[in-house]
Amino acid sequence: MDFSEIEKRINYNFKDKTLLKRALTLASADAEDNNQTLEFFGDAILEFIVSEKIYSEEMSEGQLTERRKALVSDEALAPVSLKLGLDKFLVRGANDNKNKKAVPSVYEAVTASIYLDGGMEEAKKFVLSTLDFTANATPNYKGELQEYLQGKGEPCPVYERRDDGTPQNPQFTVTVKLYGRTFSGKGTTVKGTEQSVAKSVLEFIKQQKN
């Protein structure tokens with residue numbers, strides 16, 4: 001098998017071509033030497049790379065978890081695989097032409113094969129250059145609220161923070177006073193909790209308009 005075309009598409013040249021071949025081989029084509037374990041390993045590597053990338057975004061732990069899920073879901077990975085043309089290089093069994101899971105899974109398997117062949121930095125280069133981190137971005141509720149208030153000629157909200165936790169178990173309470181009401185929220189990060197409170201204020205504003 002000539003791997004030059006796919007290596008060009010993924011922008012990585014394998015030292016061990018058998019890793020790439022295995023990443024592209026489905027169980028329907030080879031019951032023993034297929035990409036199932038690479039898919040398993042690639043899923044974990046992908047979650048780590050994505051987690052590291054989005055870690056500093058202004059979100060709570062729960063919001064970060066949901067954002068990561070969205071970025072590494074089959075629905076997100078399938079179009080990335082198709083854009084790279086990975087589906088065209090899959091080695092399938094004779095009657096295996098309806099396995100939709102194979103398309104997103106091959107991205108995970110290729111990620112793992114790059115990691116095993118070239119290390120974490122090469123795997124990061126591949127993931128960060130091919131995943132679209134803007135597609136599933138979480139809304140910036142703080143910015144949206146500030147823009148709304150400024151448009152109304154009203155002062156920007158003041159976020160009051162109280163530290164209720166410990167260094168080992170951080171817990172913050174954030175409150176905002178607007179429209180004669182107190183909006184509050186709890187979370188493990190200040191930025192994420194502020195975003196959550198801003199979202200609550202925006203929801204209140206939306207309800208008042210209806």
Side-chain angles (χ1 to χ4, degrees), residues 1-57 59-140 192:
M1 182 184 292
D2 183 8
F3 295 106
S4 58
E5 177 61 25
I6 189 171
E7 287 180 324
K8 182 179 179 180
R9 288 172 181 250
I10 65 176
N11 196 30
Y12 180 77
N13 294 316
F14 279 82
K15 297 182 285 292
D16 183 357
K17 307 293 184 184
T18 61
L19 279 170
L20 179 56
K21 180 181 178 181
R22 183 178 158 205
L24 299 170
T25 303
L26 302 184
S28 61
D30 192 323
E32 295 184 1
D33 194 18
N34 56 63
N35 69 2
Q36 288 184 328
T37 54
L38 284 175
E39 174 194 339
F40 164 78
F41 191 25
D43 179 61
I45 296 168
L46 191 57
E47 283 205 357
F48 172 78
I49 294 172
V50 169
S51 296
E52 185 179 58
K53 170 68 175 177
I54 68 174
Y55 169 75
S56 60
E57 296 184 8
M59 290 182 284
S60 66
E61 180 184 0
Q63 290 172 324
L64 286 170
T65 299
E66 290 304 312
R67 176 140 160 73
R68 182 179 63 195
K69 284 181 180 179
L71 286 165
V72 302
S73 68
D74 286 353
E75 290 76 14
L77 297 183
V80 179
S81 283
L82 293 172
K83 184 177 181 180
L84 291 170
L86 298 181
D87 57 308
K88 296 180 175 65
F89 297 92
L90 283 172
V91 181
R92 301 173 180 266
N95 299 314
D96 183 6
N97 55 12
K98 295 183 179 180
N99 184 359
K100 294 182 179 180
K101 172 71 175 173
V103 177
S105 295
V106 69
Y107 183 88
E108 296 170 334
V110 168
T111 298
S113 65
I114 292 174
Y115 170 83
L116 292 170
D117 189 72
M120 180 57 83
E121 288 307 309
E122 292 297 336
K124 284 183 182 180
K125 287 180 185 178
F126 170 66
V127 172
L128 297 180
S129 65
T130 54
L131 277 192
D132 183 3
F133 285 86
T134 64
N136 297 290
T138 299
N140 181 2

Sequence-distant partners of [X], side-chain hydrogen bond (donor to acceptor under 3.5 Å, both in side chains), two or more places apart:
X     : result
Ser51 : Arg68
Glu7  : Lys17
Ser4  : Asp2
Asn11 : none

Once side-chain contact (heavy atoms from CB on, under 4.5 Å) is applied, do any residues pair with [X], and if so which ones, sequence neighbours excluded?
X     : result
Asp30 : Thr25, Glu32, Asp33
Ala44 : none
Ser73 : Glu75, Ala76
Ala23 : Leu38, Ala109, Val110, Ser113

Exercise for the section: Assess whether salt bridge (Lys or Arg N to Asp or Glu O under 4.0 Å) is satisfied between Glu5 and Lys8, documenting all intermediate values. Expected result: CA-CA 5 Å; Glu5 177 61 25; Lys8 182 179 179 180; 5.4 Å; no
Problem - side-chain hydrogen bond (donor to acceptor under 3.5 Å, both in side chains) contacts touching residues 78-94 (sequence neighbours left out) - result: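 For residues 78-94, and leaving out neighbouring residues, there are no side-chain hydrogen bond (donor to acceptor under 3.5 Å, both in side chains) pairs at all.
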Handout entry: ring-ring contact (aromatic ring centres under 6.0 Å, His included) pairs, two or more places apart, involving residues 9-30
Key =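 As it turns out, the ring-ring contact (aromatic ring centres under 6.0 Å, His included) pairs with a partner in residues 9-30, which skip direct neighbours, are Tyr12-Phe14.
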Practice task
With sequence neighbours excluded, tell me which residues meet ring-ring contact (aromatic ring centres under 6.0 Å, His included) with Phe89.
Solution key: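 With sequence neighbours excluded, Phe89 shows a ring-ring contact (aromatic ring centres under 6.0 Å, His included) to no residue whatsoever.
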Handout entry: Pairs touching residues 117-128 that satisfy salt bridge (Lys or Arg N to Asp or Glu O under 4.0 Å), sequence neighbours left out
Key = Lys15-Asp117, Glu52-Lys124, Glu121-Lys124, Glu122-Lys125
